[in-house]
Structures are given as structure tokens and as C-alpha cells.
Protein chains: 2
Amino acid sequence: MTATRQQIVEAADDLFYRQGFEHTSFADIAGVVNISRGNFYHHFKTKDDILDAVIKTRLGRTQQMLVDWEEEGATPKDRIKSYIKILLTNWTMIKDYGCPVGTLCTELAKLNHASRDEASKVFTLFRVWLRNQFSLLGHTGDADALAMQVLSWSQGVATLGNAFNDRKYAKQEVDNMCDWLDSLPVSTT
Amino acid sequence: MTATRQQIVEAADDLFYRQGFEHTSFADIAGVVNISRGNFYHHFKTKDDILDAVIKTRLGRTQQMLVDWEEEGATPKDRIKSYIKILLTNWTMIKDYGCPVGTLCTELAKLNHASRDEASKVFTLFRVWLRNQFSLLGHTGDADALAMQVLSWSQGVATLGNAFNDRKYAKQEVDNMCDWLDSLPVSTT
DNA sequence: GTCTATACCTGGATAGAC
DNA sequence: GTCTATCCAGGTATAGAC
């Protein structure tokens, strides 16, 4: 992986999030990286190839973040709260551009894009990780359902917080989610 | 409003939902309505004007749907369930294209489009209507918070149900929402 | 590995005949 | 009110010099 190639992926990663995949042109990316448009094709055959590279880095970055949370959080509930709180940590971006995972998935769904399933794997990373945390809390039977509940709750807050540009609401919902989590029964077998 | 103009709006409404606003071209709409591209400009000055007309019809249609639910549902809880159940009623569309309201809002947010706020008014219609239903249940203080909770919950289920193409999950969450609603305290003063 | 030049297409939008 | 013809900007992608 050359430095230029990496710069392209980083710029595309950011622009695909803020502007959307289709709305982002080679000229946009070239403007950030300071290369000519023709130079892209030495590194990537098509725009779709750039998208695949972006999704790959997002998968890797997410995986690393989950590992970090695993090390930082003393208890499973602490770790799950690390996830919940990204709504506020990344609020300045979310209020303008929504959730990076959800918005890419819905865009690719409408485009009926070949990488649609690949993009949803970021959700799967969170889902499996959350499921593990709930399993550690003793929720062996409903761990996956709880994981999906946390995922969808935060996703909904991201979408509506974005639509209404309402940080207070987002803050309130984060508190509600944490309270809900704290009140969950824990079996320490 | 001429018949042609109405046909354009109807076709655009459908295509903006299924393909996204920006991805839909005049040629796409013209193909459905069977008119020439040049003919658009007799009815609309710009593509943005078509979007505004589409949003207007969606606002009107939503308003009408809420009136219908008001008449059909015997109790506020029944009416709120009418809202919750559209996730399953429209599932065949949602699994492929997501929630029409949420996906348009996030797309326009990324485009930083002038009609962004106008699009989010569809959410507001649901919000105010749900708030009224919860008020009727005696939840005077937290009616709006409850309305937002129902909105975000369903929105999250739409996004994740779409990403994973999982109807069983959507069905399960609809049941959960209905159970949650049934267990809500009601004060009949 | 990076550039310029360019091909080729599709997008929204306009002009003017009918 | 609808059409054809056309403009022009911008998109992806290619060719080939350096």
C-alpha cells in the first residue's frame, strides 16, 4: 500500500461519509489529496474499487475500536456504554451527516450496489461484539436480540437527531439507554 | 394541477424513494411518464422544484393517513399500533429501500440541500400526532419524549431490517414495541 | 508513479418549432 | 402543452508522454 493510495482511501472515507458515495467525484477526492484525476487509475480500476477499499478500512478501524473498548471497559456494561456514547462523542458529525454505517447501507441499498452486503458487515461487527457482552452478562438466550435492540435504538437516535438537529434529545436518549442497561438483570454464575 | 404534472410528481415520488433523489434523472422519470425531457420545464423550473412538490404530496398523504388512523383506532394505543405496524405493512419496500422519510432526510442532509428541513417535517407530522396520542393516555409530561421514542425505535428497525434484510427481526421488534406499549401505564382522569 | 490530454457519456437546463 | 435539437457542465475512464 503506497502513501498515495492510502491518502486516496482516507480522503474518500471522509467524503463518502459527508457527501455520500455517489455525490463524491474523483475531482473532490483529488482536490483533497492534491493529485490529478488521471492518477487514480494507477491505484484503482474503478470508483467501486475505492468504495471497497473504504469499507475495508472501516471494518478494520471498527474492529480496532472494539478491541480498545474491550481493554478499557472493566465490565461488559461499561463496554456497552462505550458503544452507546459514540452518539455524543461523534455528535458534531452525526448531526450533519448521520451515522456513517447506517447512511452508507441505505445509500447502497437504493443503488442496489454490489458492495451493499459488504457495507452492512460493519453493523455485524458491532452486533457480534455487543452480543458477546450481553452473553457475558448471563443473557445467553437473548444476547443477540439485546444486541440488535441496542443497535437499532442508537441508529434511530442518530437518524432523528440528525433530522431535527437536536443534541438535547440525543443526550436524553443516551441517558435512557444507559439507565435501561443498568436496570438489566445480571446473572453471575 | 394538470394531469401530466401530477404524473411527474407521482413518478418522482416513487423513484426518489427507490433510487434516491440525486440518482434519479429526468430521463428516469420521463421513461415512466412517457414524455420528453424538455417537457419537464413547462411544469417545473428545476429538479429541486420537483423535489419540493414531492415533499408536499408526502406531507399531504401522511396527514391523510394520520386522519384515517384517528378514525379507525378505537383507543390511542390502537392508533399508535397503526403507526408501529407500517413497518410490516410496507416491509417489501422497506427491506429494499429503507424508510422513505428517514432515507430522504439523511440524503438531503449530506447534500446540504435547501429542502432538508422541509423533508423532516414529515417526521414532525408523526411526532405531533404520536404526542397527542400519548397525551390522551394521560402522559402529559412525557408525551413528546414517548413520541420520539416510538419514532426512533421504528426508524432503527427500518434501517437495520434493511441492512440485514431480516423480516423475522422486524416482526419481533414490532411485537416488542406493541408489548411495551401495552405495558405503559394509563391514567384515565 | 504522476502528469496532461482527451474520449465518451449523462446530467440538468434552454430555445424555439409545432 | 409537447416536442426536437442543442448547449454546457461535470462525471468516469483511457492513452500515452514524462
Side-chain angles (χ1 to χ4, degrees), chain A residues 1-57 103-104 107-108 110-116 118-119, chain B residues 1-57 103-104 107-108 110-116 118-119:
Chain A
M1 171 109 82
T2 70
T4 304
R5 189 192 147 98
Q6 196 166 344
Q7 279 181 300
I8 291 174
V9 174
E10 278 170 20
D13 185 14
D14 176 55
L15 289 169
F16 287 175
Y17 174 36
R18 283 174 25 224
Q19 307 187 337
F21 166 65
E22 208 178 24
H23 188 63
T24 299
S25 68
F26 284 94
D28 292 334
I29 305 172
V32 174
V33 184
N34 265 320
I35 57 170
S36 68
R37 274 182 300 160
N39 195 359
F40 278 99
Y41 297 88
H42 177 73
H43 300 282
F44 300 95
K45 272 202 282 288
T46 68
K47 192 183 176 185
D48 288 346
D49 286 350
I50 301 182
L51 174 63
D52 285 337
V54 166
I55 294 175
K56 269 213 174 66
T57 69
T103 54
L104 181 64
E107 181 181 2
L108 297 187
K110 280 183 204 292
L111 299 179
N112 201 17
H113 196 284
S115 300
R116 195 191 155 177
E118 201 60 23
Chain B
M1 170 106 83
T2 68
T4 305
R5 189 192 147 97
Q6 196 166 343
Q7 279 182 301
I8 291 174
V9 174
E10 278 170 21
D13 184 15
D14 176 54
L15 288 169
F16 288 175
Y17 173 38
R18 282 172 27 221
Q19 305 187 338
F21 165 65
E22 209 180 21
H23 187 63
T24 299
S25 68
F26 284 93
D28 292 333
I29 304 173
V32 173
V33 185
N34 264 319
I35 58 171
S36 69
R37 272 182 301 162
N39 194 359
F40 279 98
Y41 297 89
H42 177 74
H43 301 281
F44 300 94
K45 271 202 282 289
T46 67
K47 191 183 177 184
D48 288 347
D49 286 350
I50 301 182
L51 174 62
D52 286 336
V54 165
I55 294 175
K56 267 213 177 65
T57 68
T103 55
L104 181 64
E107 180 180 2
L108 296 185
K110 280 185 204 288
L111 299 178
N112 201 17
H113 196 284
S115 300
R116 194 192 155 176
E118 201 60 24

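A note on names: the letters A, B, ... follow the listed sequences, proteins ahead of strands, and every chain is numbered from 1. Hydrogens, waters and symmetry mates play no part in the numbers below; they use all other heavy atoms, side chains included.
A nucleotide of DNA chain C counts as in contact with chain A when one of its atoms lies under 4.0 Å from a heavy atom; the first and last such, 5' to 3', are dG1(C) to dT4(C).
Look at CG on N39(A): it is 15 Å from P on dT12(D), rounded to the nearest Å. Distance CD1 (I50(A)) to P (dG11(D)): 14 Å, rounded to an integer number of Å. Spacing between atom CD1 of I29(A) and atom C1' of dT12(D) amounts to 12 Å, rounded to whole angstrom units. The interatomic distance linking F40(B) (CZ) with dT4(D) (P) rounds to 14 Å, in whole Å. Atoms CD (E22(A)) and C1' (dT12(D)) sit 12 Å apart, rounded to a whole Å.
At distances below 3.5 Å, at least one donor-acceptor pair connects side-chain atoms of E107(A) with backbone N or O atoms of E22(A). A donor-acceptor pair is defined here as one N or O able to donate and one able to accept, closer than 3.5 Å; no such pair exists between the side chain of S115(A) and the backbone of E118(A).
Residues meeting the side-chain hydrogen bond (donor to acceptor under 3.5 Å, both in side chains) test with S25(B), sequence neighbours left out: D28(B). Not a single side-chain hydrogen bond (donor to acceptor under 3.5 Å, both in side chains) links N112(B) to another residue, sequence neighbours left out.
The residue S25(A) sits close only to the backbone: its heavy atoms come under 4.0 Å of sugar-phosphate atoms, none of a base. Across all strands, Y41(A) comes closer than 4.0 Å to base atoms (heavy-atom distances).
Taking the six-membered ring for Trp and the full ring otherwise, F44(A) and F26(A) have centroids separated by 6.0 Å or more.
What you find for V32(B) and L15(B) is that their closest heavy atoms are CG2-CD1, 4.1 Å.
Residue-to-nucleotide proximity on DNA chain D shows that, of D28(A) and G38(A), the 5′-proximal contact is made by D28(A). Nearest-nucleotide mapping onto DNA chain D: of A27(A) and K45(A), the residue sitting toward the 5' end is A27(A).
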